[in-house]
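Data block below; observations after.
It should be emphasised that the depicted structure is a prediction, and the values quoted were computed from it without experimental measurement. Lettering follows sequence order; numbering is per chain, from 1.
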2 protein chains.
Amino acid sequence: MTDLWPDVRPDAARRLMAAAVAAFGERGYHATTTRDIATAAGMSPAALYVHFPSKAAVLSAISRSGHEKALAMVTAAAAGPGDAAARMRVLVTEFVAWHARRHRVARIVQYELTALPEPDYEAVVALRRQTDAVVRSLIEDGVSSGVFRVSDIRSAARAVLSLGIDVARWYTAESKPDPETLGADYAGLVLAMLGAAGA
Amino acid sequence: MTDLWPDVRPDAARRLMAAAVAAFGERGYHATTTRDIATAAGMSPAALYVHFPSKAAVLSAISRSGHEKALAMVTAAAAGPGDAAARMRVLVTEFVAWHARRHRVARIVQYELTALPEPDYEAVVALRRQTDAVVRSLIEDGVSSGVFRVSDIRSAARAVLSLGIDVARWYTAESKPDPETLGADYAGLVLAMLGAAGA
DNA sequence: TAGCTTGCTAAGCGCTTGCTTAGGTCGTCG
DNA sequence: CGACGACCTAAGCAAGCGCTTAGCAAGCTA
């Protein structure tokens, strides 16, 4: 199911996280019990507490690593080669494709923020602000270099991120098109939205 | 707080629904208890069951009326005067403004689908399909009349709806700009995204 | 005024929840 | 071989859950 977290040890902790991703992603955090997670990972309910101090800690581990992955992806794309339009095309393609391919993780990342305990919530909000800032400055870059034409940069940045984030809400294993095609489609729409010259 | 459902009688039922909207919209359905709802409405826990057969029935009432409102809004805009671009401008402006102004109701409508009991879930999914179809046929109309230029109509329709729906996720009472301004901003972005001539 | 309906509460039932405790098994190393 | 640490389970606890029951007070009708 998930070959994420290749470095998480021991193996049982990774199996628990994978089971939690499936359950949180399908039913939501509050609708999932610790028994659901443990038995899906092939263990007794108590085994979860050998590897995690609480149910919320499992959520935090998933949410933090997902946010870090998303930020790394966006940062790398924004720092890549080419003009603002080329970099934005890569950014949207990857961001959207990730939200489709990893839609269960992405759902947890995007929609279970309020279930996080206080210190983890703050950490994750900081990561989100960084992601916002990267997208905003890429749009600013494009506008000042004459590649983009938008009236309000804040609204435009929010719209770009919204397009990607909302994919996690509706995308399922049966959805069409495949994640990469969807990403490319959306990248075209975003460039048009930003008034890119070549679009 | 909410002057929605002016026709819901008796008054106590409306107060319960308003309290449920506040709680479900802030914390989510599963994180809200029937005691939360009842005490927020100034009643004892048992009073809820005088007016609703279950907690899920309260959710259903909120979700159904919200979906009906959204569909009516979208249908009216799509059937309005002007060319496809003008009608799309009205549709997006109202759809986005509603998701901002009524963000708590909208959150329940958009993110608590899976908590609905089976018959209500089916009914609500049918309403959602109708909303999708209205937007899709408006885009088709615009493409065939030469007003819009998009490569894939399905993706474009999804993107338009995503932009509006995702507003419910992040918009709060403290957010800027006000709902109507945001709606107008987003309408401009959508017209550009659809390759509208005048944009 | 008697009897019924409507709208509510106090009390609590049966069950599930997140989590704990006590103990067992297995591989590793002195 | 014996002690230890890593990993796991059976059993269960206290708290909180959705919902029910029994009954009371106010207002309408006859």
Side-chain angles (χ1 to χ4, degrees), chain A residues 5-63 108 112-121, chain B residues 5-63 108 112-121:
Chain A
W5 321 294
D7 52 333
V8 172
R9 297 278 353 188
D11 191 70
R14 191 169 61 250
R15 263 159 48 221
L16 284 164
M17 280 179 76
V21 165
F24 293 165
E26 292 306 316
R27 274 161 281 156
Y29 175 77
H30 290 291
T32 300
T33 70
T34 54
R35 277 162 246 254
D36 290 340
I37 300 167
T39 61
M43 304 174 200
S44 80
L48 189 148
Y49 294 89
V50 173
H51 301 282
F52 298 93
S54 67
K55 178 187 167 189
V58 183
L59 209 221
S60 291
I62 295 166
S63 188
I108 299 165
E112 301 289 359
L113 281 186
T114 55
L116 287 169
E118 208 20 276
D120 304 78
Y121 178 79
Chain B
W5 320 294
D7 53 334
V8 171
R9 297 281 349 194
D11 192 69
R14 191 168 59 251
R15 262 160 47 221
L16 284 164
M17 280 178 76
V21 164
F24 292 165
E26 293 305 317
R27 272 162 283 156
Y29 174 77
H30 290 291
T32 301
T33 71
T34 55
R35 278 160 246 254
D36 289 341
I37 300 167
T39 61
M43 305 175 200
S44 81
L48 189 147
Y49 293 89
V50 172
H51 302 283
F52 297 93
S54 67
K55 177 187 166 189
V58 183
L59 209 222
S60 290
I62 295 166
S63 188
I108 299 165
E112 302 288 359
L113 280 187
T114 57
L116 287 169
E118 206 23 272
D120 303 78
Y121 177 79

Measuring from [X]:[atom1] to [Y]:[atom2], what's the distance to the nearest 0.5 Å?
X	Y	atom1	atom2	answer
A:Phe52	A:Leu59	CZ	CG	11.0 Å
B:Leu48	B:Met43	CG	CE	8.5 Å
B:Ile62	B:Met17	CD1	CE	5.0 Å

Set out, line by line, the N/O atom pairs under 3.5 Å between protein and nucleotides 27-29 of chain C.
none

Would you say [X] and [Y] make side-chain contact, with heavy atoms under 4.5 Å?
X	Y	value
B:Tyr29	B:Lys55	yes
B:Ser63	B:Leu116	yes
A:Leu16	A:Val58	no

Would a distance-only check, ignoring hydrogens and angles, find a side-chain to backbone donor-acceptor pair under 3.5 Å from B:Arg35 to B:Pro45?
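No: the side chain of B:Arg35 does not pair with the backbone of B:Pro45.
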
When every nucleotide of nucleotides 6-20 of chain C is labelled 5' to 3' by its protein contacts under 4.0 Å (heavy atoms), B for base, S for sugar-phosphate only, - for none, what sequence of letters results?
-SBBB-B----BBBB

